[in-house]
Amino acid sequence: GYFCPSMRYRRKDNLLKLFKKPNPKDAYIAPISDLHACSTTAVFPYWYGQDLPIEPHKNMRDDGTWKFKHNIYTPTHKQIKLFQLYIEAAQAVAEARKGKRLIFLGNGDMNDGKHHGTQQIATGLIREQIDVAAWLIQYFLAIAGFNHDNGDRAFILQGTESHDGDDEDGIAEKIKAEKLPSGDDVADFLQVEINNRLIWCLHQGAGVGKGINKGNSLRNWMKNKYVERLEEGKRVPDVVMSGHYHDPWYEPFARNGRIITHGLILPPWQLK
């Protein structure tokens, strides 16, 4: 994979063995966080009758609108531009993953929910929001050339309860995401081994911080985990991914001039 810090200390616990799959192909990891589907300020599918890599959703209309149970929603100009960027991102993944397995991580808050008395939602029915979120992910994966039969893998994580409640299982089922060893469809915290690299993924981790202190909280969080894992005789993660804060950031944690863990706070697919 493209995350390749060397590790002095490696020990596999039983949980990781359950995840390990005997496929040596290089892997490209494509994480998406905070889709917030059906927020009026988030990415929203726009279709006007052109050919698509998957079937249009039955509620999509070829004038660009989406027919919900209680209303017809027209995406805004900014949402259309954001959807175009979403397509470009999927095309970039398709190019970058050539010759590699694709590992998709849907890192929480895939739909916006009905929260805090907000009126900024296209529909208040959660099942309709789940439909939009699942269609967006299926569309992204189709462009990226996702194929379970070729060793590609997909995981869905739980997000913030005020946004997605406990409904992201529906998204996992629709995209045929990989089940956890527990049998659950959705993970609160995911640790998975990809080509001998240990990936941690959770929706809400360390914050980004502000000004001159940006990144310090994430780096200190990784430092604490490094010490804890060594003291417990457990393996240290190579990569930690989180989201939630709508402020993307990359921060490495290094010891003795060598990167131990790569820390990422993922960007959202939602405007301010």
Side-chain angles (χ1 to χ4, degrees), residues 1-5 7 9 13 15-16 19 27 29-36 39 42 103-113 115 133 137 153-168 171-172 177-178 180 182 184-194 197-232 234-255 259-270 272:
Y2 60 90
F3 298 123
C4 54
M7 295 292 295
Y9 195 95
D13 21 57
L15 177 61
L16 295 173
F19 274 114
I29 300 171
I32 283 182
S33 191
D34 297 274
L35 271 182
H36 289 278
S39 163
I103 314 298
F104 173 79
L105 302 175
N107 191 32
D109 284 3
M110 297 289 99
N111 61 294
D112 200 53
H115 56 91
I137 294 172
R153 306 172 71 184
F155 298 92
I156 294 292
L157 281 89
Q158 186 71 35
T160 311
E161 189 171 327
S162 60
H163 286 292
D164 52 38
D166 196 25
D167 297 295
E168 285 184 330
I171 297 174
E178 194 165 318
L180 307 177
S182 63
D184 293 332
D185 293 308
V186 176
D188 290 313
F189 167 68
L190 178 69
Q191 52 177 343
V192 58
E193 185 174 357
I194 309 293
R197 301 289 178 256
L198 176 57
I199 313 298
W200 279 10
C201 198
L202 64 162
H203 178 70
Q204 183 176 355
V208 182
K210 295 183 178 180
I212 197 171
N213 293 315
K214 262 196 164 185
N216 288 352
S217 177
L218 178 56
R219 186 172 62 255
N220 289 336
W221 188 90
M222 292 187 290
K223 182 178 181 180
N224 288 336
K225 291 300 177 186
Y226 170 77
V227 174
E228 286 177 10
R229 300 288 283 186
L230 289 183
E231 289 179 345
E232 294 170 0
K234 295 180 180 178
R235 185 174 171 187
V236 178
D238 296 281
V239 182
V240 174
M241 298 183 190
S242 60
H244 182 72
Y245 292 102
H246 292 214
D247 191 4
W249 193 258
Y250 166 73
E251 188 73 26
F253 166 63
R255 299 287 287 179
I259 294 176
I260 302 297
T261 304
H262 296 268
L264 296 123
I265 299 176
L266 302 169
W269 285 93
Q270 185 175 33
K272 293 292 185 183

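In this chain, residues are counted from 1 in sequence order. Treat the numbers as computed from the prediction; the structure is a model and nothing was measured.
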Kindly give the heavy-atom pair with the smallest separation between Leu264 and Val239, and that separation in Å. CD1-CG1, 3.7 Å

Apply salt bridge (Lys or Arg N to Asp or Glu O under 4.0 Å) to Lys223 and list each qualifying residue two or more places apart in sequence or on a separate chain. none

Hey, does the side chain of Ser39 reach the backbone of Asp112 with a donor-acceptor pair shorter than 3.5 angstrom? no

For the pair Glu168 (side chain) and Asp109 (backbone), establish whether a donor and an acceptor sit closer than 3.5 Å, ignoring hydrogens and angles. yes

Any side-chain heavy-atom pair of Ser242 and His203 under 4.5 Å: no

Would a 4.5 Å heavy-atom cut-off, applied to side chains only, mark Ile156 and Ile137 as touching? yes

Heavy-atom closest pair, residues Leu35 and Ala42: O-CB, 3.4 Å

Ignoring hydrogens and angles, tell me if any N or O in the side chain of Asp34 forms a donor-acceptor pair with the backbone of His244 under 3.5 Å. yes

Flag side-chain contact, heavy atom, 4.5 Å: Phe155 against Val186: no

Donor-acceptor contact below 3.5 Å, side chain Asn220 vs main chain Asn216: yes

Can you tell me how far the CG atom of Asn107 sits from the CD1 atom of Ile32, to the nearest 0.5 Å? 10.5 Å

Shortest non-hydrogen contact from Cys201 to Leu105? SG-CD1, 4.1 Å

Are any non-hydrogen side-chain atoms of Ile194 and Arg153 less than 4.5 angstrom apart? yes

Residues Met110, Gln158; criterion side chain to side chain contact (heavy atoms under 4.5 Å, CB included); working and verdict: CA-CA 9 Å; Met110 297 289 99; Gln158 186 71 35; over 6 Å; no

Please confirm whether the backbone N or O of Phe253 pairs with a side-chain atom of Arg219, one donor and one acceptor, at under 3.5 Å? no

Tell me, do Ile199 and Ile29 make a side-chain contact under 4.5 Å, heavy atoms counted? yes

Carefully, step by step, assess Met241 and Trp200 under the rule side chain to side chain contact (heavy atoms under 4.5 Å, CB included). CA-CA 6 Å; Met241 298 183 190; Trp200 279 10; over 6 Å; no

From Leu157 atom CG to Ile171 atom CD1, the distance as rounded to the nearest 0.5 Å: 11.5 Å

Would you check if Ile259 and Pro252 make a side-chain contact, meaning some heavy-atom pair closer than 4.5 Å? yes

Audit row: Leu180, Leu190, side chain to side chain contact (heavy atoms under 4.5 Å, CB included) steps and yes/no: CA-CA 9 Å; Leu180 307 177; Leu190 178 69; 4.1 Å; yes

State, with a plain yes or no, whether a side-chain heavy atom of Leu202 is found less than 4.5 Å away from one of Asp188. no

Spacing of CD belonging to Gln204 relative to CD1 belonging to Ile265, to within rounding of 0.5 Å: 10.5 Å

Does any non-hydrogen side-chain atom of Leu198 lie less than 4.5 Å from one of Gln191? yes

Rounded to the nearest 0.5 angstrom, the CD-CE distance for Glu251 and Met222 is 6.0 Å

Just how far is it from atom CH2 of Trp249 to atom NZ of Lys214, taken to the nearest 0.5 Å? 5.5 Å

Could you grab the distance from atom OH of Tyr226 to atom CD of Glu231, nearest 0.5 Å is fine? 11.0 Å

